[in-house]
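Each residue takes its place number in the sequence, starting with 1. Below, all heavy atoms of this structure are taken into account, side chains as well, without hydrogens, waters or symmetry copies.
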Amino acid sequence: MGRQGRYWLFFAILAVGLSLGWGQVGRKTHRLFETEPMVYLRAEKDCRPRTTPCAALAADRAVILGPATSGLLMRQIGMATSGILGGEAVSLATGGEELARAKLSPGVDEWLLADVPAQTAVLRLVVWDGHETTVAEFPLYPAVSNRP
């Protein structure tokens, strides 16, 4: 076997190994979603929850986020309130790094998010009930100061 043949053999073995490895990842992910299903909600187009309420929607539920006197107010519609086990609100910066995390109380359908950092670019809201996890992401764009 010549030098070029050895290189081709190496890359063929590498390609087979990678494809088998990614196949295992896909099967594991499929099993995970079967045991812990997730529902992703899509935010409305031109959503600006710091100024006006907007919603993230799925076929059977919605999360509405809008301004409050101190922070942001989040309300869910479509999930049984008594079945909500809790959740969290995660503030993410433009680069995806986590800025803050707040717990959401169980058994209610409305939460006040008073401590959302001004630098938050995306607010990820996660709500757990006994059967599945609901995830919504809202663009927040960092707050702009009107001071000179």
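With Glu88 contributing its side chain and Val126 its backbone, the two residues share no donor-acceptor pair below 3.5 Å.
Here the CZ atom belonging to Arg50 is positioned 6.0 Å from the OG1 atom belonging to Thr120, to the nearest 0.5 angstrom. How far CG of Leu140 is from OG of Ser91: 7.5 Å, rounded to the nearest 0.5 Å. One distance of note links CG of Leu73 with CG of Leu113; it measures 7.5 Å at 0.5 Å rounding.
Between Leu125 and Gln76, the closest side-chain pair of non-hydrogen atoms is not below 4.5 Å. For the pair Met79/Val39, no side-chain contact is recorded, criterion being any heavy-atom separation below 4.5 Å from C-beta on. In this structure the side chain of Leu99 reaches within 4.5 angstrom of the side chain of Gln119, judged on heavy atoms. Side-chain atoms of Pro67 and Pro53, non-hydrogen and from C-beta on, do get closer than 4.5 Å to each other.
Evaluation of the side chain to side chain donor-acceptor pair (under 3.5 Å) test over residues 51-68, restricted to residues two or more places apart or in two chains, returns Arg61-Glu132, Arg61-Thr134. Residue pairs that meet the salt bridge (charged side-chain N to carboxylate O under 4.0 Å, His left out) test with at least one member in residues 117-128, sequence neighbours left out, are Arg124-Glu137. For residues 111-141, there are no disulfide bond (SG atoms under 2.5 Å apart) pairs, not counting sequence neighbours. For residues 42-76, every residue pair satisfying the disulfide bond (SG atoms under 2.5 Å apart) rule, not counting sequence neighbours, is listed here: Cys47-Cys54.
Other residues sharing a hydrophobic cluster with Ile77 under the 4.5 Å side-chain heavy-atom criterion for ILVMFWY residues are Ile64.
Heavy-atom minimum distance, Ala43 versus Phe138: CB-CD2, 4.4 Å.
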Donor-acceptor list for residues 103-111 side chains, cut-off 3.5 Å, not counting sequence neighbours:
unit_1 : atom_1 : unit_2 : atom_2 : d
Glu110 : OE1    : Arg75  : NH1    : 3.0
Trp111 : NE1    : Ser105 : O      : 3.0

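Residues Val127 and Leu92 do not share a hydrophobic cluster, defined by chaining ILVMFWY side chains whose heavy atoms lie under 4.5 Å apart.
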